[in-house]
Amino acid sequence: MSRQIVTRFAPSPTGMLHIGGVRTALFCWLFARRHGGRFILRIEDTDLSRSTDDNIRIIEEGMAWCGLDWDEGPVVGDPSAWKGPHGPYRQMQRMDLYRTKIQELLDKGLAYRCRCSRETIDERRKAVEAAGKVFQYNRGMDAGKGCADLGHDASEPAAIRFKMPTEGDILVPDLIKGNTRFPADSLDDWIIARTGDGPGQIGVPTYNFCVVVDDTHMEVSHVIRGDDHLNNTPKQIPLFAAFGYDLPAFAHVPMILGADGAKLSKRHGATSITEYQALGLLPSAVRLALARLSWTPKIDGRAVESAEEELLTDEQMIQLFDLADCQKSAARFDMDKLTWLNQKLIQRAPWQELEPHLRPFLPASWDTQPEAWKAQAIQCTQKGKSLTDMAEALRFAFERPTTFDEKAVEKFLTPTVLPALRDLAALTDYSHDALEAGFTAILERHSLKTKDLAQALRVALCGRPVSPGIYDTLMLVGRDEVLARLERWL
RNA sequence: GGGGCUAUCGUCUAGGGGUCAGGACACCGCCCUUUCACGGCGGUAACACGGGUUCAAAUCCCGUUAGCCCUACCA
């Protein structure tokens, strides 16, 4: 009987929800969904000095906006509530478990109390480095100088260190990177719990300790995380062994770099998911773009081969997702590709589906418009690259222009078209067909080309020579308002 | 400094001994056109470097270089 597939995304609430984190979460989510498993959101808030409730909320909201729903994890807006059988899902609320497990290690002699102060360690580090060596606690030149063999009791505050193996290699099996060997002597006895507040107290455990305990107790089958954690894995593996835990499968996914190949940071533009939302991107486009960095979907064993095949739905992504088709190397973030994906997804979405995403970018009066009007407004602007483009393209429908493109006025609102404009005011039926028929008749009467009248109208109605199809423009503005806007030119 | 990961068009990538090294985005050109766009068609463009192994290397091996990660009582 095989274990159920369980993945988890375990962000630290020390800042915005980074786009790289979202990608990791997306892979975890896709993998869980692909295998009918469970996806856990766990908050790693053991860094007391940097974690905040605000940041936890930002993570939850960002995940929700991206459509990355979790089966187990915190309940949005209620710090003391959670869903799932393995809670709580905030590490600071799991201290009792950690302390029990640390005591267990202490009792078995697999960990020890360390009373070395930061100052003394700094001194020893300097000495070792002065000799041109690498400082490692209780290794090499530092061997025997620390607390490893002193058997300190709990009478004084102490940090807890884990006894790491000193010989051989530690093998890290990985579904993406393959097998990697780390020499045991490149790792030292690391701290699993910070110095406690007083004698007998065990302080807040550190990340590398909590992940091992939590991943096991939450029955995580596949640890999918950024490859910046690959180097942490050989520290964690002996800990799994010390507890007698089974090893989960590991999959370290490559980092996302900025366009210049450097670590993705603010100077590359948007890094937090909230910024992508504000840019007018569809969550589905963000998901696809992120998924396609370092992952090549294979359809019948063949990589996608056309623009059409690039446009995968969530269902297809879930169906196709396979860690074996993931790249080992880091990928640069490509805003152009995201923009293109966004445009294509906007184009093919039913207007009703687009409406809730578009609404935040439109004036409040949008809500009072009739459904048919909304449908038309959306459909005739669905060629835009983003929701913000669409909103901008619809401005004319909400506000009377206050300024006019001078060059355009000069070029299109010529004395020869004004009589045609006057005739147009006589049209009363604003259905598409009637407008077209009326238009054609007016053009013939005044020997004008479509372009002449259409452009003149655009400038008079919108202030600039750019708008949706001219009949759409007229219909969206509405007859009364068309007449009002035309008045100043006649 | 030590340890680890990585390396095909500008970008994301396919390809894993014999391919004209394929696709997508971007870019350029042409066409369509009531504006802006959309759309259609076509084009430019890559195996980091140096050694091996082999009849044959982008592909396998070694080295170099470069980038990234870890080396915290951060995660």
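Lettering follows sequence order; numbering is per chain, from 1. This structure is a prediction, so every number in the text was calculated from the model and none was measured. Basis for what follows: all heavy atoms, side chains included, without hydrogens, waters or symmetry-related copies.
Taking 4.0 Å as the cut-off between side-chain N and carboxylate O, A:R50 and A:D47 count as a salt-bridged pair. At a threshold of 4.0 Å, the pair A:R42-A:E44 counts as salt-bridged, since one of the basic side-chain nitrogens sits closer than that to a carboxylate oxygen. In summary, A:E310 and A:R292 engage in a salt bridge, as defined by a charged side-chain N under 4.0 Å from a carboxylate O.
Residue A:D334 is classed as a base contact, given a heavy-atom separation below 4.0 Å to a base. Across all strands, A:C116 comes closer than 4.0 Å to base atoms (heavy-atom distances). As judged by a 4.0 angstrom heavy-atom cut-off over every strand, A:T46 is placed among residues touching the sugar-phosphate backbone only. No engagement by A:K411 is indicated, since no non-hydrogen atom pair under 4.0 Å with the nucleic acid exists. If you check every strand for non-hydrogen atoms under 4.0 Å, A:S49 touches nothing. At the heavy-atom level, A:S329 lies under 4.0 Å from the strands shown only through sugar-phosphate atoms. Within the nucleic acid shown, A:Q382 has no heavy atom closer than 4.0 Å to any nucleic acid atom. Among the protein residues, A:F412 comes within range of no part of the nucleic acid, since none of its heavy atoms lies under 4.0 Å from any strand. As judged by a 4.0 angstrom heavy-atom cut-off over every strand, A:S306 is placed among residues touching the sugar-phosphate backbone only.
A 6.0 Å sphere centred on CZ of A:R479 holds more than 12 heavy atoms belonging to other residues, nucleotides or ligands.
For A:S155, the side chain to side chain contact (heavy atoms under 4.5 Å, CB included) partners are A:R115, A:D153, not counting sequence neighbours. Judged as a side chain to side chain contact (heavy atoms under 4.5 Å, CB included), and not counting sequence neighbours, the contacts of A:V128 are A:K133, A:F135, A:M141. The side chain to side chain contact (heavy atoms under 4.5 Å, CB included) check on A:D45 picks up A:P13, A:I43, A:S51, A:R90, A:Q91, A:M92, with sequence neighbours excluded. In this structure A:K145 satisfies the side chain to side chain contact (heavy atoms under 4.5 Å, CB included) test together with A:R124, A:D142, sequence neighbours excluded.
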For residues 417-425 of chain A, tabulate all N or O donor-acceptor pairs below 3.5 Å that involve a side-chain atom, not counting sequence neighbours.
| from | atom 1 | to | atom 2 | distance (Å) |
| --- | --- | --- | --- | --- |
| A:D423 | OD2 | A:R445 | NH1 | 2.6 |
| A:D423 | OD2 | A:H446 | NE2 | 2.7 |

Taking distance alone, no hydrogens or angles, what donor-acceptor pairs closer than 3.5 Å link side-chain atoms of residues 160-173 of chain A to residues at least two apart or in another chain?
| from | atom 1 | to | atom 2 | distance (Å) |
| --- | --- | --- | --- | --- |
| A:R161 | NH1 | A:D189 | O | 2.8 |
| A:K163 | NZ | A:G109 | O | 3.3 |

Extract all donor-acceptor atom pairs below 3.5 Å that involve side chains of residues 324-336 of chain A and protein atoms in other chains or at least two apart in sequence.
| from | atom 1 | to | atom 2 | distance (Å) |
| --- | --- | --- | --- | --- |
| A:R332 | NH1 | A:A259 | O | 3.1 |
| A:D334 | OD1 | A:D336 | N | 3.1 |
| A:D334 | OD1 | A:K337 | N | 3.3 |

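Although no hydrogens or angles enter the test, the distance criterion places no donor-acceptor pair under 3.5 Å between the side chain of A:D389 and the main chain of A:G384.
Pair assignment for B:rC38 gives none, since no Watson-Crick or G-U wobble pairing has each distance under 3.5 Å. With a 3.5 Å ceiling on both atom-pair distances, the Watson-Crick or G-U wobble partner of B:rU64 is B:rA48. Across all strands shown, B:rA24 forms a Watson-Crick or G-U wobble pair, both distances under 3.5 Å, with B:rU11. Of all nucleotides present, none satisfies the Watson-Crick or G-U wobble test against B:rC74 with each distance under 3.5 Å. Under the Watson-Crick and G-U wobble criteria, each requiring two contacts below 3.5 Å, nucleotide B:rC55 is paired to B:rG18. Under the Watson-Crick and G-U wobble criteria, each requiring two contacts below 3.5 Å, nucleotide B:rC32 is left unpaired.
Regarding the sugar-base torsion, B:rC38 falls in the syn class, its angle being within 90° of 0.
Between A:G261 and A:I470, the one whose closest nucleotide on RNA chain B sits nearer the 5' end is A:I470. Two residues, A:R161 and A:K177, neighbour RNA chain B, and the one matched to the more 5' nucleotide by heavy-atom proximity is A:K177.
The P atoms of B:rG22 and B:rU44 are separated by 11 Å, rounded to the nearest whole Å. Between the C1' atoms of B:rC30 and B:rU8, the separation comes to 30 Å (whole Å).
For residues 125-133 of chain A, proximity to RNA chain B is found at A:R125, defined as any non-hydrogen atom under 4.0 angstrom from a strand atom. Near-neighbour residues of RNA chain B inside residues 339-346 of chain A, defined by a heavy atom below 4.0 Å, number-ordered: A:W340, A:Q343, A:K344. Heavy-atom distances under 4.0 Å link RNA chain B to A:R458, A:P465, A:V466, A:S467, A:P468, A:G469 of residues 458-469 of chain A, given in residue order.
Along RNA chain B, the stretch of nucleotides lying under 4.0 Å from any heavy atom of chain A spans, 5' to 3', B:rG1 to B:rA75.
Screening residues 460-477 of chain A for side chain to side chain donor-acceptor pair (under 3.5 Å) gives A:Q376-A:D472, A:R458-A:S467, A:S467-A:T473 as the qualifying pairs, with residues at least two apart or on separate chains.
When ring centroids are compared, A:F321 and A:F27 come within the 6.0 Å threshold.
Taking the centre and axis of the six-membered ring of A:F398, the NZ or CZ atom of A:R395 falls outside the cone set by 45° and 6.0 Å.
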